Amino acid sequence: MTGVVAELCKNIVLAGIGNLTLMDDTSVTAEASSANFLILAEESNHKGKSIAEVCRESLRDFNPMVHVSVEKGSVKDLSANFLDNFDAVVLGRASVIVKKQVNEMCRKRPQRIAFYSVDCRGSCGEIFVDLQNHTYTQKNQEDVVASQICFPSLEESMSVRWSSLPRKTTKLYFALRIIEEFEQAEGRQPGHVSSADLESVLSLQKKLCEEQGLSESRIPDILLERILDAGTRELPPVCAILGGILGQEVIKAMSCKGDPIKNFFFFDVMDGKGIIEDISNQDKS
């Protein structure tokens with residue numbers, strides 16, 4: 001339960017989502033409590049409890065009408081049948097392998113399961129959305145019209161060649177893919193990096209840019225260093241922004257009302273902008 005996931009949970013619980021299941025067996029740490037406001041300051045309340053269990057108690061106080069439960073175990077060990085209990089799945093701070101794995105599991109179930117992933121890396125972060133084939137209503141002047149939109153999977157999105165993307169595509173998209181590729185190659189957990197890895201990451205950047213036909217100048221070294229230096233730290237204001245946006249998206253998807261984000265959202269404190277990017281094969285979208 002990262003800080004940004006805590007913000008999401010607060011928002012959808014206040015909105016009266018109905019049922020919410022949390023998964024995080026890790027113990028409470030000082031770093032976790034620094035960004036996760038659901039972890040109360042009194043350490044005596046944390047003894048013998050996982051982060052998910054501590055957060056459950058706090059969320060129940062926000063809206064007693066919402067049923068909040070805890071599922072033990074690891075996300076990467078989820079069974080496909082277990083996912084049938086849910087309308088949406090959200091992953092926070094998961095490896096790219098796990099994100100792709102769970103996303104594909106959601107897409108193969110008999111009923112549509114919305115999939116989201118969210119990551120806060122210090123002063124910046126991203127949201128990924130896959131609603132598969134999504135039908136929704138939206139107001140068009142005085143009328144309510146039905147629309148349909150087709151989403152690519154995370155695997156399909158990440159297979160899009162960088163050189164084929166619009167020139168204005170945010171540099172954050174490329175920077176985060178490089179960091180994820182580095183973590184995967186080194187066997188690191190998400191965020192378990194530091195500025196000491198910069199030289200290796202820059203070498204990987206050069207390699208990937210050559211393979212993808214993209215100029216290295218599109219991805220500033222200082223941005224990569226900033227993400228590496230952040231490690232697993234999250235800035236609470238960034239968590240609040242990402243959690244707020246994601247909360248709106250989940251509610252819109254569950255109610256089938258409102259134009260959804262397709263399919264990435266990025267935010268960076270350095271420019272204060274939220275950017276939506278459609279990273280998909282335009283011939284198939």
Side-chain angles (χ1 to χ4, degrees), residues 4-5 7-21 66 80 83-92 99-100 102-119 125-162 164-170 172-173 176-177 240-268 273-285:
V4 66
V5 172
E7 290 284 352
L8 161 68
C9 291
K10 175 204 68 178
N11 292 329
I12 60 177
V13 164
L14 287 173
I17 195 67
N19 294 281
L20 175 66
T21 300
V66 176
L83 294 179
D84 290 339
N85 298 311
F86 306 99
D87 297 312
V89 173
V90 181
L91 298 187
K99 287 190 284 191
K100 288 180 178 180
V102 176
N103 184 202
E104 289 302 320
M105 289 170 65
C106 289
R107 294 179 72 89
K108 291 177 180 178
R109 304 315 301 157
Q111 67 176 23
R112 183 180 68 88
I113 302 175
F115 174 84
Y116 304 87
S117 68
V118 59
D119 291 291
E126 74 170 1
I127 296 169
F128 170 75
V129 180
D130 178 14
L131 303 182
Q132 302 178 43
N133 295 316
H134 181 57
T135 301
Y136 61 99
T137 59
Q138 59 179 338
K139 285 188 176 181
N140 183 5
Q141 295 180 348
E142 298 300 322
D143 299 324
V144 176
V145 297
S147 303
Q148 188 172 48
I149 186 170
C150 181
F151 286 75
S153 68
L154 184 60
E155 180 73 48
E156 291 169 332
S157 293
M158 290 188 175
S159 68
V160 175
R161 186 171 172 82
W162 293 357
S164 70
L165 295 172
R167 176 76 183 173
K168 64 179 180 63
T169 301
T170 177
L172 255 181
Y173 173 74
L176 290 170
R177 301 293 76 78
I241 291 170
L242 292 172
I245 294 295
L246 184 51
Q248 291 178 347
E249 289 305 304
V250 171
I251 297 299
K252 284 193 293 184
M254 296 303 96
S255 64
C256 295
K257 294 180 181 179
D259 198 13
I261 286 175
K262 184 191 178 192
N263 53 344
F264 282 89
F265 175 84
F266 298 91
F267 179 78
D268 192 343
K273 294 179 180 179
I275 300 173
I276 297 173
E277 297 283 6
D278 182 355
I279 310 293
S280 58
N281 186 329
Q282 298 301 317
D283 294 333
K284 296 181 179 180
S285 61

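Count residues from 1 along the sequence. As the structure is a computational prediction, the values presented were derived from the model and not from experiment.
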Listed once per pair and sorted, the salt bridge (Lys or Arg N to Asp or Glu O under 4.0 Å) pairs that draw on residues 135-155, sequence neighbours left out: Lys100-Glu155
Heavy-atom side-chain proximity of Ser164 to Trp162 below 4.5 angstrom: no
Residue pair Asn140 / Val144, side-chain heavy-atom distance below 4.5 Å: no
With sequence neighbours excluded, residues passing side chain to side chain contact (heavy atoms under 4.5 Å, CB included) with Ile276: Ile261, Phe265
Pairwise side-chain hydrogen bond (donor to acceptor under 3.5 Å, both in side chains) hits with a residue in residues 9-20, at least two apart: Glu7-Lys10
Which atom of Leu242 lies closest to which atom of Val118, heavy atoms considered: CB-CG2, 4.4 Å
Pair Asp130 + Arg107: basic N to acidic O under 4.0 Å: yes
Minimum heavy-atom distance Tyr173-Ser157, with the two atoms named: OH-O, 3.7 Å
Check: Glu156/Ser280 side-chain N/O donor and acceptor closer than 3.5 Å: no
Side chain proximity check, Leu172 to Ile275, heavy atoms < 4.5 angstrom: no
Results of side chain to side chain contact (heavy atoms under 4.5 Å, CB included) for Ser159 - residues two or more places apart only: none
Where His134 and Pro260 come nearest, the two heavy atoms and their spacing: CD2-CG, 4.0 Å
Side chain proximity check, Ile113 to Val89, heavy atoms < 4.5 angstrom: yes
Nearest heavy atoms of Ile279 and Pro152, plus distance in Å: O-CG, 4.0 Å
Nearest-0.5 Å distance, CZ of residue Phe266 to OG1 of residue Thr170: 6.5 Å
Thr135 vs Cys256 side-chain heavy atoms within contact, under 4.5 Å: no
Side-chain touch Arg177/Met158, heavy atoms, less than 4.5 angstrom: yes
Test item: Ile149 and Lys262 side chains (from C-beta on) under 4.5 Å apart, heavy atoms: yes
Partner set under ring-ring contact (aromatic ring centres under 6.0 Å, His included) for Phe128, not counting sequence neighbours: Phe264
Sub-4.5 Å side-chain heavy-atom contact between Ile245 and Phe267: no
Which atom of Gly16 lies closest to which atom of Val66, heavy atoms considered: CA-CG2, 3.8 Å
Backbone N/O of Leu165 and side chain of Thr169: donor-acceptor pair under 3.5 Å: no
For Thr21, all residues meeting side chain to side chain contact (heavy atoms under 4.5 Å, CB included), sequence neighbours excluded: Ser69, Glu71, Phe86
